[in-house]
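Heads up: the structure comes next, in structure tokens.
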Amino acid sequence: MPELPEVETIVRELCESDLIGKKICEVKVFWPRTIAIPNMADFCSQLVNQVIAKISRRGKFIVFTLSKDTLLIHLRMTGKLFFFNKEKKPSAHERLRIRLDDDRYLCYEDQRKFGKWYLLSNPETKLSELGIEPLSKVFTLKALQQLIRKSSQQIKSFLLNQHHIAGLGNIYVDEALWEAKIHPARKTNSLSHTEIVALHRAIPNVLKQGIAHMGTSLGSKLANYFSVSGRRGGNQTQLKVFRREGLPCSRCHNQMIKISLAQRGTHLCPNCQKLESFP
DNA sequence: GTGCCTGTTACCTC
DNA sequence: AGAGGTAACAGGCA
């Protein structure tokens, strides 16, 4: 669920939440497997008394730089962070809770329990696995060309792989490929220069649009994305292809379709996105 | 109730 | 190397 634009929105809200300089007083874990590293007891004892110095994002990770260690949070499908001011019973899906020295609670809910928290003395042990930040200046055309040249995967699988580019998920990959007019099953090594140029533009475009609309919230159910403040994103109304099968393509008016690729629902316009290379 | 679907990732086998 | 399957999970939906 949360891809780069959603995580970025969450991080921005956390940054506006007056957390810098606040101390962690208490940690309660309701679902121990939320903690990836280290074990639960060490995680709790090491976290207590650390002060929040900085909050940032790398790929889909939320990065809390603390006085001693770094806390990484990956929300996977259904992880959510929010605050409340009074101690209360944990909700059905609350997995973890942190009490701060201003008596606020930072709570973590995760319906499907896939999210993971890491407390690391050196965050690079985890973050170095990630590929290029697609919104940073190192995401150059040349960098993308080099990555693509090294691979012969289907472009959709390639883009979903966080080791190449960090932060894209199913929604924004489908959107970027639609914008670049590339069929998701195309092999990376078959892409023309023109197509790589188009993709290099499309990726930041769809991500920036997602951030501008504060993320994509599909449906209204529990599992859907909302930010720290409980606000839903607005990007779902801007999507051009994701979950729009059967609807006319906004570019060519042909009917868009949904196929299965890399075990993921994959949406495309069969007229704009052909399997043959575009010169 | 049954079976299939879902926005992520890691790991396995072929 | 890379495609495909499965698993971790819970709930929505037909």
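Residue numbers begin at 1 in each chain, while the letters A, B, ... track the order of the sequences.
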Calculate the interatomic distance between [X] atom [atom1] and [N] atom [atom2]; express it in whole Å.
| X | N | atom1 | atom2 | result |
| --- | --- | --- | --- | --- |
| A:Lys80 | C:dG11 | NZ | C1' | 12 Å |
| A:Glu109 | C:dG11 | CD | P | 12 Å |
| A:Asn235 | B:dG7 | CG | C1' | 13 Å |
| A:Asn170 | B:dT9 | CG | P | 11 Å |
| A:Gln162 | B:dA10 | CD | P | 8 Å |
| A:Glu6 | B:dG7 | CD | C1' | 8 Å |
| A:Leu4 | B:dT8 | CG | C1' | 14 Å |
| A:Tyr118 | B:dT8 | OH | P | 15 Å |

Between the protein and nucleotides 1-4 of chain C, which nitrogen or oxygen pairs are less than 3.5 angstrom apart?
from, atom 1, to, atom 2, distance (Å)
C:dG2, OP1, A:Ser152, N, 2.6
C:dG2, OP1, A:Ser152, OG, 2.8
C:dA3, OP1, A:Gln154, N, 3.1
C:dA3, OP1, A:Lys187, NZ, 3.4

Criterion side-chain contact (heavy atoms from CB on, under 4.5 Å) on A:Val241 and A:Cys269, from CA distance to verdict = CA-CA 7 Å; A:Val241 64; A:Cys269 169; 5.7 Å; no

In plain terms, say whether [X] and [Y] are close enough for a salt bridge, that is, a side-chain N and a carboxylate O under 4.0 Å apart.
| X | Y | value |
| --- | --- | --- |
| A:Arg12 | A:Glu16 | no |
| A:Glu87 | A:Arg97 | yes |
| A:Glu175 | A:Lys240 | no |

Looking only at atom C1', what distance separates B:dT8 and C:dA1, rounded to whole Å?
-> 22 Å

P gap between C:dT6 and B:dG3, integer Å | 16 Å

Once you round to the nearest 0.5 Å, how far does [atom1] of [X] lie from [atom2] of [Y]?
| X | Y | atom1 | atom2 | value |
| --- | --- | --- | --- | --- |
| A:Asn170 | A:Gln263 | CG | CD | 11.5 Å |
| A:Ile62 | A:Leu14 | CD1 | CG | 6.0 Å |
| A:Thr216 | A:Ile171 | OG1 | CD1 | 5.0 Å |
| A:Tyr172 | A:Leu159 | OH | CG | 15.0 Å |
| A:Ser151 | A:His164 | OG | NE2 | 5.5 Å |

Quick one: the dot-bracket string of DNA chain B, using Watson-Crick and G-U wobble pairs with both distances under 3.5 Å, [ ] for crossing pairs and | for bases paired to another strand.
-> .|||||.|||||||

With A:Phe114 via ring pair (Phe, Tyr, Trp, His ring centres under 6.0 Å) - residues at least two apart | none

For A:Asn271, does its backbone N or O pair with a side-chain atom of A:Lys274 as donor and acceptor, under 3.5 Å?
-> yes

What does the list of N/O pairs under 3.5 Å between the protein and nucleotides 7-9 of chain C look like, with a distance for each?
from, atom 1, to, atom 2, distance (Å)
C:dA8, O3', A:Arg33, NH2, 2.6
C:dC9, OP1, A:Arg33, NE, 3.1
C:dC9, OP1, A:Arg33, NH1, 2.8
C:dC9, OP1, A:Arg33, NH2, 2.2
C:dC9, OP2, A:Arg33, NH2, 3.2
C:dC9, O2, A:Arg112, NE, 2.8
C:dC9, O2, A:Arg112, NH2, 3.4
C:dC9, N3, A:Arg112, NH2, 3.4

When you check the phosphate oxygens OP1 and OP2 of [N], does a side-chain N or O of [X] lie under 4.0 Å from one of them?
| X | N | result |
| --- | --- | --- |
| A:Lys60 | B:dT9 | yes |
| A:His74 | B:dT8 | no |
| A:Lys116 | B:dT9 | no |

Choose from C:dA10, B:dT6, B:dA10 the nucleotide whose nearest atom is closest to any side-chain atom of A:His93.
-> C:dA10

Are A:Gln145 and A:His193 linked by a side-chain donor-acceptor pair shorter than 3.5 Å?
-> yes

Option from A:Leu71, A:Leu100, A:Asp101 for which side-chain contact (heavy atoms from CB on, under 4.5 Å) with A:Ile24 holds = A:Leu100

Verify whether the ring centers belonging to A:His74 and A:Tyr118 lie closer than 6.0 Å.
-> no

Pull out every residue in residues 199-206 of chain A that has a heavy atom closer than 4.0 Å to any atom of DNA chain C, ordered by number, or say none.
-> none

Give A:Lys258 one of three labels, base, sugar-phosphate or nothing, depending on what nucleic acid heavy atoms sit under 4.0 Å from its own.
-> sugar-phosphate

So the side-chain hydrogen bond (donor to acceptor under 3.5 Å, both in side chains) pairs with at least one residue in residues 62-72 of chain A (sequence neighbours excluded) are A:Gln50-A:Asp69

